[in-house]
Amino acid sequence: MTADPAAPILLFDSGVGGLTVLAELRKALPQAPVIYAADTAGLPYGEKTEAQIAARVAGLLGRMSERFRPRLATIACNTASTIALGMVREVLNIPIVGTVPAIKPAAAMTRSGTIGLLGTHATIRQGYVDRLEAEFAADKRLLRFGAPGLVAAAEAKLRGQAFDPGAISEAVAGLRDQPGGAEIDTVVLACTHFPLLTEELAAAFGPQVRFIDGAAGIARRIASLTQGQAFARDTADHAVFTAAPDPALAPALSRYDIEAAALL
Ligand code: DGL
């Protein structure tokens, strides 16, 4: 398919988590125009039902793809992807890249054979995660913990606001206190918000634990699906939100070269 060089890549999350994917996308495709879209009126997805998430994600991506005509859309959110990726692919006629928990690379990295997985409550209960575990980590022990406090902490950190350090210790204890948790040497950050807290999580888990997330893999996938296409990004990109844009986010958005934010 020949795309208009100015046709954007749509990057969608419930909040600021997708910026961790945008950071990798900028490295892979610096000239790609991006529209960063966040369902801030629906945040946090992790505490919603499957039906609520599927309806919001399919509805919003449908609306945005008509309005912005993206060449490709990325669901930069594990919760939305593990629930709604198949449905969105069925209804939209552009390539859709999803975000799935990095269990496969974690299984290759672990030496102890015990992997921790931090995600939202909605993500950790998905059959999608069970299938990844069965396919790639059947001979490993995978311990899961739902950590909504980390979503709130990441949102606050990016706004330059103080956050509850208890969110970090609760996530660490949530994995470590499970049977076999002391053996964890690899932690999958299965929520795009969590790499924003890698420093805090690394300090709390200790130097023997390594972290893995899907962002670099997603950027590679986008680059491969758009190979040969021309990109023209002459101005800074913009963001769209489903709730009134929060001025406290402007400095962080600007670090990702997003200079304007509007209500969708
Ligand atoms: N960033 C989202 C994810 O990757 C979830 C945050 C939320 O609960 O909305 O799962």
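Both counts, for ligands and for their atoms, begin at 1 and track the order of listing.
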Student: Are more than 12 heavy atoms from other residues, nucleotides or ligands located less than 6.0 Å from atom CD of Q161?
Tutor: yes
Student: Using a 4.0 Å cut-off on heavy atoms, what residues surround ligand 1? Order them by chain and number.
Tutor: D13, S14, L43, P44, Y45, G46, C77, N78, T79, T120, V151, C191, T192, H193
Student: Please identify each residue that fulfils side-chain contact (heavy atoms from CB on, under 4.5 Å) with A152, with sequence neighbours left out.
Tutor: none
Student: For the residue pair H238 / E259, report whether a side-chain donor-acceptor contact shorter than 3.5 Å exists.
Tutor: no
Student: Only counting residues at least two apart or in another chain, list the ones meeting side-chain contact (heavy atoms from CB on, under 4.5 Å) with T110.
Tutor: S112, I115, K140, D185, T186
Student: Taking atom CD of Q178 as the centre, report whether more than 12 heavy atoms of other residues, nucleotides or ligands fall under 6.0 Å from it.
Tutor: yes
Student: Report the hydrophobic cluster partners of V172, with the cluster defined as I, L, V, M, F, W, Y residues connected by side-chain heavy atoms closer than 4.5 angstrom, directly or transitively.
Tutor: L43, L118, L143, F145, L150, V151, F163, I168, L175, I184, V187, L189, F194, L197, L201, F205, V209, F211
